[in-house]
Colleague: 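Here you go, one structure.
Side chains are part of it too, since the values below use all heavy atoms of this structure and drop only hydrogens, waters and symmetry mates. Proteins come first, then strands; the chains are lettered A, B, ... in the order of their sequence lines, and each starts at number 1.
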Amino acid sequence: MEKILEKRIDTMQLDPMIPLRAKVKKIFWETEDVFTFELVYDEENRRDFSFKPGQFNMLYSFGVGESAISISSDSDKHGSVLHTIHKVGYVTSALSKLKKGDIVGLRGPFGSSWPLDITKGRDVCIIAGGLGLPPLRPAIYHIFKHRKQYGKVTILYGARSPRDIMFPVELEAWKKKHDVQVEVTVDRADSTWRGHIGVVTTLLSYTELDPEKTTAMICGPEIMMKYTVDELMKNNISDKNIYVSLERNMKCALGFCGHCQYGPSFVCKDGPVFSFSNVTDIFEIREL
Amino acid sequence: MANEMKKIDKNGLGSIISALLEKGYKVIGPVLNGGAIIYDEITGVNDLPEGWGDKQEAATYRVVKRSDKALFGYVVGPHSWKKFLYPQKTKLWEAEKNNKGFDIKPSNGTAVKYAFLGVRSCELNAIQIQDRVFNNGMFADTFYNKIRKEIFTIAVNCTQAGGTCFCVSMDTGPKAKGGYDLALTEVINESGHYFILDEGSEKGREISSKVLSSEASQDEISAADKAVKNAEDNMGRKMNTDGIKEMLYNNHDHPAWALIAARCLSCANCTMVCPTCFCANVDDTTDLTGSHTERWRRWDSCFALDYSKVAGGNFRTSIKARYRQWMTHKLASWIDQFGSSGCVGCGRCISWCPVGIDITKEVELIRETAKA
Ligand SMILES: Cc1cc2nc3c(=O)[nH]c(=O)nc-3n(C[C@H](O)[C@H](O)[C@H](O)COP(=O)(O)OP(=O)(O)OC[C@H]3O[C@@H](n4cnc5c(N)ncnc54)[C@H](O)[C@@H]3O)c2cc1C
Ligand code: SF4
Ligand code: SF4
Ligand code: FES
């Protein structure tokens, strides 16, 4: 217990409640309402960003507040981090107005990560819905970089419409790789769209998953994850080999504020990535 | 061990308070204020609510005159020690805009050394429960731990139980089993009015050595034990905790939740008076010029509607879901999270619920027709 505490303090600031200043190095829009910015620590508190794929930071906009935002960049790059943010409300709007050179507050990294170590030697099926792709991108980078350590790799991605697709250029590049299967679908599209149409679960019919060998990592709206898990379990994939990333209201990310409670778990510190076997019993309980 | 106990009188207690003040402690104890016995700063034994007791029932709290001059002749009121260890509002930090963007200055928190006089056994347990919350193995809360480290606790063993007490069911009282610096048992009988004093720590021994005391006789100690036994035998409430975790987990869809919710006002009183509830929200405030901002943490409640809000939705809109979260957290998920129940059986939530929702009765309501 003491050891964990020391480690946290070492890799973070002394008081986990105090944000550190980070500078916006770059900001660009992915879609009409989703932007990505690259953050570097400013000169005074220069340090490495080290994080595991799936973890998140608390980003603070001066005078406005904090939001939990997953890290969407390569976890081997320690000089800066990328955050991909949907502008939905108070804090995220304030963050969206920042310009190159502006300062945000940052606490983190927090939370559990995608099971990339224990998945070595297995097939991986990554399934993302909408803004669920950015939190999975660091896992994808990791797998690509250590491609030989994994078996068959499949990426299934669903967005509302072609305009809402995250990282379209990258997705195209991934598709060209010979050792990865990438399928993208949209809920609705006009006639210029040449790809799949339908919810993300329909993409499962384009791939063959070996129930013994496959580990699935899923991120997206909760309803999308529910249908996806149902479908995977129908294909005999055990809930032990299915991982989901959950979202709850978060005020501290430290296990103190209580807001992120999900049954017996605190999503901020026991999650956000959970083995589905740990939440099977409660996933379908409404308003838990 | 029992033979080493000391005996003091009211003046002796006064000397303990003086010795603590001399050591630089801010002494907090029970005082009568606005029709309730609350915890506030005291400077002497005369500040204590001598001769007062209380009557508690569901949705009822009343102070009453006693026929004797007991100093601790009541049980717990609307306050708990959480108010001092984990204040209702805490400034976490402040920030100032400047040419670097902004600078964040951590708040120093409270530097006060508190001595708590009159901590009941259920409350000692509540403090130990919050210790595990604010030092969860991954993170430690700076503010809580700073105050916590310095406190001096004088426990008071209960010699009578309140109408809503059920510490015996929760195995948290009525006798303090440790975690105190000093413990008192008040005895009033034909041989007089005295306190049996037990030293629980080196810090405690140091203070009690400054106080005039005599060695307690075996009879006097037995009288104290008998008084505590009286509290034990007269609990106002009881709760059957057998397999309670599984029972609540397996009955999230029990019809009783809707019945309770139909009465619940979602006022959050229960979470505010509860000595273990720890939920908090944060507020960011900015001054008029927009260049100075402060981040405050304040108590929050799982009964608040925006508690579970997320962009595009809310996980617990119904009162039913919020009440279920509260009770299931207290009695079930707390065990998974922190290794013990989150309820110490103090009865506050029962007494202070405006509509008399009673956690012990609601558990029974579910248990009667529970799914295994
Ligand atoms: C672990 C985790 C990772 C996340 N990763 C990303 C990401 O990579 N990109 C992204 O765009 N969004 C992400 N979110 C969601 C993001 O935190 C919310 O959209 C954001 O907090 C909304 O804040 P707001 O002030 O703009 O919205 P408002 O609607 O104005 O917020 C009002 C209140 O609701 C809370 N809140 C609202 N939505 C959420 C939510 N979804 N989750 C938690 N609290 C919420 C806010 O803290 C605030 O208290 C993540 C959430 C979690 C829990
Ligand atoms: S739930 Fe009620 S009885 Fe239990 S500790 Fe909290 S206030 Fe006391
Ligand atoms: S019962 Fe509600 S307010 Fe109390 S600690 Fe649990 S979630 Fe927080
Ligand atoms: S976000 Fe505060 S406890 Fe998880």
Side-chain angles (χ1 to χ4, degrees), chain A residues 1-2 4-5 7-9 12 14-23 42-44 60-67 86 88-89 91-92 101-105 110 221-222 247-266 269-270 281-282 285-288, chain B residues 92-93 95 97 100-106 133-144 249 252-253 277-287 290-293 295 297 300 302 306-312 314-318 320-322 324-325 328-329 332-337:
Chain A
M1 178 154 145
E2 214 78 290
I4 306 174
L5 205 69
K7 219 168 78 207
R8 297 303 305 206
I9 290 169
M12 304 189 13
L14 216 68
D15 189 329
M17 240 150 4
I18 312 289
L20 288 178
R21 266 196 318 274
K23 189 179 277 178
D42 74 352
E43 296 70 27
E44 270 179 44
Y60 167 72
S61 167
F62 184 88
V64 183
E66 272 185 330
S67 276
H86 191 189
V88 287
V91 175
T92 49
D102 283 346
I103 299 292
V104 297
F110 297 115
E222 218 155 288
E247 212 174 281
R248 283 294 179 277
N249 185 307
M250 289 189 181
K251 292 295 171 194
C252 72
L254 308 169
F256 300 151
C257 79
H259 282 247
C260 69
Q261 282 179 83
Y262 180 55
S265 304
F266 289 91
K269 65 183 190 67
D270 306 322
D281 295 344
I282 57 178
I285 303 177
R286 289 189 51 219
E287 290 202 287
L288 189 79
Chain B
L92 299 178
W93 46 262
K97 264 201 173 136
K100 286 181 288 185
F102 52 85
D103 256 323
I104 293 182
K105 209 169 86 210
V133 171
F134 291 118
N135 194 345
N136 60 31
M138 232 191 246
F139 301 104
D141 183 281
T142 335
F143 297 92
Y144 177 90
Y249 281 172
H252 57 84
D253 54 357
C277 271
F278 58 83
C279 282
N281 206 336
V282 289
D283 293 319
D284 293 280
T285 60
T286 318
D287 69 353
S291 65
H292 177 87
T293 185
R295 165 161 282 210
R297 170 168 78 180
D300 199 5
C302 55
D306 64 1
Y307 178 91
S308 311
K309 181 180 177 248
V310 290
N314 191 321
F315 285 102
R316 290 185 210 107
T317 47
S318 72
K320 180 178 116 179
R322 284 178 263 158
R324 184 179 65 189
Q325 162 61 21
T328 310
H329 187 213
S333 39
W334 209 294
I335 299 171
D336 280 329
Q337 293 169 351

Colleague: If I take atom CD from residue A/Glu287 and atom OG1 from residue B/Thr317, how far apart are they, to the nearest 0.5 angstrom?
Modeller: 4.0 Å
Colleague: What part of A/Phe266 gets within 4.5 angstrom of chain B, counting heavy atoms only: side chain, backbone, both, or neither?
Modeller: side chain
Colleague: For chain B, which of A/Val64, A/Thr92, A/Asp270, A/Ile282 has the most heavy-atom pairs under 4.5 Å?
Modeller: A/Val64
Colleague: At a heavy-atom distance under 4.5 Å, which candidate from B/Phe134, B/Tyr144, B/Phe143 has the highest pair count against chain A?
Modeller: B/Phe134
Colleague: Any idea which heavy atoms bring B/Pro106 and A/Ile18 closest together, and the distance?
Modeller: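 Smallest heavy-atom distance, with atoms named: CB-CD1, 3.8 Å.
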Colleague: With only heavy atoms counted, which part of B/Arg324 is less than 4.5 Å from chain A, the side chain, the backbone, both or neither?
Modeller: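 Interface part for B/Arg324: side chain.
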Colleague: Just how far is it from atom OG1 of B/Thr328 to atom CD1 of A/Ile285, taken to the nearest 0.5 Å?
Modeller: 9.0 Å
Colleague: What distance do A/Asp281 atom CG and B/Tyr249 atom OH have between them, rounded to the nearest 0.5 Å?
Modeller: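 The distance works out to 10.5 Å.
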Colleague: Does either side chain, that of A/Gln261 or that of B/Ser333, offer a donor lying less than 3.5 Å from an acceptor on the other one?
Modeller: no
Colleague: Are side-chain heavy atoms of B/Ile104 and A/Pro19 found at a separation under 4.5 Å?
Modeller: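 Heavy-atom side-chain distance check passes, below 4.5 Å.
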Colleague: Quick check on the interface: out of B/Lys320, B/Gln325, B/Arg295, who has the most heavy-atom pairs with chain A under 4.5 Å?
Modeller: B/Arg295
Colleague: Do other residues, nucleotides or ligands put more than 12 heavy atoms under 6.0 Å from the NZ atom of B/Lys105?
Modeller: no
Colleague: To the nearest 0.5 angstrom, please state how far the CZ atom of B/Phe315 sits from the SG atom of A/Cys260.
Modeller: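 Those atoms lie 11.5 Å apart.
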Colleague: Answer with side chain, backbone, both or neither: which region of B/Arg322 has an atom nearer than 4.5 Å to a non-hydrogen atom of chain A?
Modeller: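 B/Arg322 has no heavy atom closer than 4.5 Å to chain A.
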Colleague: Does any non-hydrogen side-chain atom of B/Asp284 lie less than 4.5 Å from one of A/Tyr60?
Modeller: yes
Colleague: If a pair satisfies salt bridge (Lys or Arg N to Asp or Glu O under 4.0 Å) and one of its residues is in residues 248-258 of chain A, list it, with sequence neighbours excluded.
Modeller: A/Glu222-A/Arg248
Colleague: Under 30°, 30 to 60°, or over 60°: which ring-plane class applies to A/Phe256 and B/Phe139, parallel, tilted or perpendicular?
Modeller: perpendicular
Colleague: Quick one, A/Arg286 with B/Asp253, criterion side chain to side chain contact (heavy atoms under 4.5 Å, CB included). Give me CA distance, side-chain angles, the key distance, then yes/no.
Modeller: CA-CA 9 Å; A/Arg286 289 189 51 219; B/Asp253 54 357; over 6 Å; no
Colleague: Specify the closest pair of heavy atoms between A/Phe62 and B/Ala95, including all atoms of both residues, with the distance to one decimal.
Modeller: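 Shortest heavy-atom separation between A/Phe62 and B/Ala95 comes out as CE1-CB, 3.9 Å.
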Colleague: Calculate, to the nearest 0.5 Å, the distance between atoms CG and CG belonging to B/Asp306 and A/Asn249 respectively.
Modeller: 7.5 Å
Colleague: Kindly give the heavy-atom pair with the smallest separation between A/Arg21 and B/Asp103, and that separation in Å.
Modeller: NH1-OD1, 2.7 Å
Colleague: Which one, B/Gly312, B/Cys277, B/Gly101, B/Ser318, leads in non-hydrogen pairs under 4.5 Å with chain A?
Modeller: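 Looking at each option in turn, the highest pair count goes to B/Ser318.
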Colleague: Rounded to the nearest 0.5 Å, what's the gap from CG on B/Leu92 to CG on A/Asp15? Could you check?
Modeller: 8.5 Å
Colleague: Out of B/Asn281, B/Val282, B/Val133, B/Thr286, which one racks up the most heavy-atom pairs below 4.5 Å with chain A?
Modeller: B/Asn281
Colleague: Looking at B/Ala140 and A/Pro16, what are the two nearest heavy atoms and their distance?
Modeller: O-CG, 4.5 Å
